[in-house]
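So the structure is just underneath, and the comments pick up after that.
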Amino acid sequence: MAFAANAFRREDVQRGEVFVFARRQDREDFAGLELENGLPTGKVLYFHPVFGNGSTDSPRTWNIIVATYPDVFDFVAQCVVPDMKDWALEEDAEDL
């Protein structure tokens with residue numbers, strides 16, 4: 001997931017860094033632990049990069065961070081579980 005961490009580094013308006021640990025399969029959304037001084041914190045950043053070149057000719061003016069969560073457990077409870085429930089109801093319901 002280094003490619004997503006590099007995109008975050010180029011595109012984040014705060015010029016932050018993340019350790020990316022999750023990717024949503026159906027779109028280019030990622031989640032990572034925020035890094036401070038090169039070390040991971042407990043804070044999860046959920047983001048959607050555009051994978052631009054980061055050119056100084058067109059500096060990023062919008063925030064690619066979609067949501068922040070205080071920890072991984074909160075991220076899973078508020079983001080992952082609801083998405084899993086929606087997918088199960090939509091995709092697996094036909095098999096029942």
Side-chain angles (χ1 to χ4, degrees):
M1 301 265 199
F3 73 99
N6 288 334
F8 185 88
R9 188 178 306 110
R10 283 191 313 272
E11 298 178 27
D12 179 45
V13 292
Q14 301 298 318
R15 296 295 180 215
E17 293 192 54
V18 293
F19 174 79
V20 180
F21 67 86
R23 177 182 186 179
R24 183 161 168 170
Q25 295 171 336
D26 61 337
R27 57 183 167 205
E28 296 296 331
D29 288 350
F30 299 87
L33 295 173
E34 182 178 45
L35 297 177
E36 286 184 6
N37 299 319
L39 299 173
T41 67
K43 186 177 179 182
V44 175
L45 304 177
Y46 184 63
F47 64 100
H48 182 89
V50 296
F51 296 102
N53 65 7
S55 169
T56 55
D57 295 336
S58 58
R60 187 77 52 229
T61 58
W62 64 89
N63 194 344
I64 65 169
I65 297 173
V66 176
T68 60
Y69 301 92
D71 56 44
V72 172
F73 298 104
D74 203 43
F75 165 70
V76 169
Q78 291 187 37
C79 189
V80 176
V81 172
D83 284 349
M84 289 174 63
K85 182 178 178 183
D86 288 344
W87 290 338
L89 294 175
E90 289 177 17
E91 294 180 19
D92 297 337
E94 294 178 11
D95 296 339
L96 297 176

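Count residues from 1 along the sequence.
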Original post:
What pairs of residues pass the salt bridge (Lys or Arg N to Asp or Glu O under 4.0 Å) test when at least one of them lies in residues 66-83, not counting sequence neighbours?
Top reply: Arg24-Asp83

Original post:
Any idea which heavy atoms bring Pro49 and Ala7 closest together, and the distance?
Top reply: CB-CB, 3.9 Å

Original post:
Quick one: does Ile65's side chain get under 4.5 Å of Val13's, heavy atoms only?
Top reply: no

Subject >> Donor-acceptor contact below 3.5 Å, side chain Arg10 vs main chain Arg15 >> reply: no

**OP:** Check whether any side-chain N or O of Glu34 sits under 3.5 Å from a backbone N or O of Leu45 as a donor-acceptor pair, and report yes or no.
**Re:** no

**OP:** Begin from the C-alpha positions of Asn63 and Asp12 and carry the test side chain to side chain contact (heavy atoms under 4.5 Å, CB included) through to its verdict.
**Re:** CA-CA 6 Å; Asn63 194 344; Asp12 179 45; 4.0 Å; yes

Original post:
Hey, does the side chain of Asn37 reach the backbone of Leu39 with a donor-acceptor pair shorter than 3.5 angstrom?
Top reply: no

**OP:** Quick one: closest heavy-atom pair of Arg23 and Phe3, and the distance?
**Re:** NH1-CZ, 3.7 Å

**OP:** Would you please classify the geometry between the Tyr46 ring and the Phe75 ring as parallel, tilted or perpendicular, with 30° and 60° separating the classes?
**Re:** tilted

Original post:
Roughly how far apart are Glu11 CD and Asn6 CG, rounded to 0.5 Å?
Top reply: 10.5 Å

Original post:
Is the number of heavy atoms from other residues, nucleotides or ligands under 6.0 Å of Phe21 CZ greater than 12?
Top reply: yes

Original post:
Quick one: do Val72 and Phe8 end up in the same hydrophobic cluster if we chain Ile, Leu, Val, Met, Phe, Trp and Tyr together by side-chain heavy atoms under 4.5 Å apart?
Top reply: no

**OP:** Compare every heavy atom of Val44 with every heavy atom of Ala31, then report the nearest pair and how far apart it is.
**Re:** CB-CG1, 4.1 Å

Original post:
When clusters are formed by joining ILVMFWY residues with side-chain heavy atoms under 4.5 Å apart, either directly or through shared neighbours, do Phe19 and Phe73 land in the same one?
Top reply: no

Original post:
Under 6.0 Å from the CE atom of Met1, do we count more than 12 heavy atoms belonging to anything else shown?
Top reply: yes

Original post:
Quick one: CD1 on Ile64 to CZ on Phe47, what's the gap to the nearest 0.5 Å?
Top reply: 6.0 Å

**OP:** Measure across Val76 and Pro82 and return the closest heavy-atom pair with its distance rounded to 0.1 Å.
**Re:** O-CD, 4.3 Å

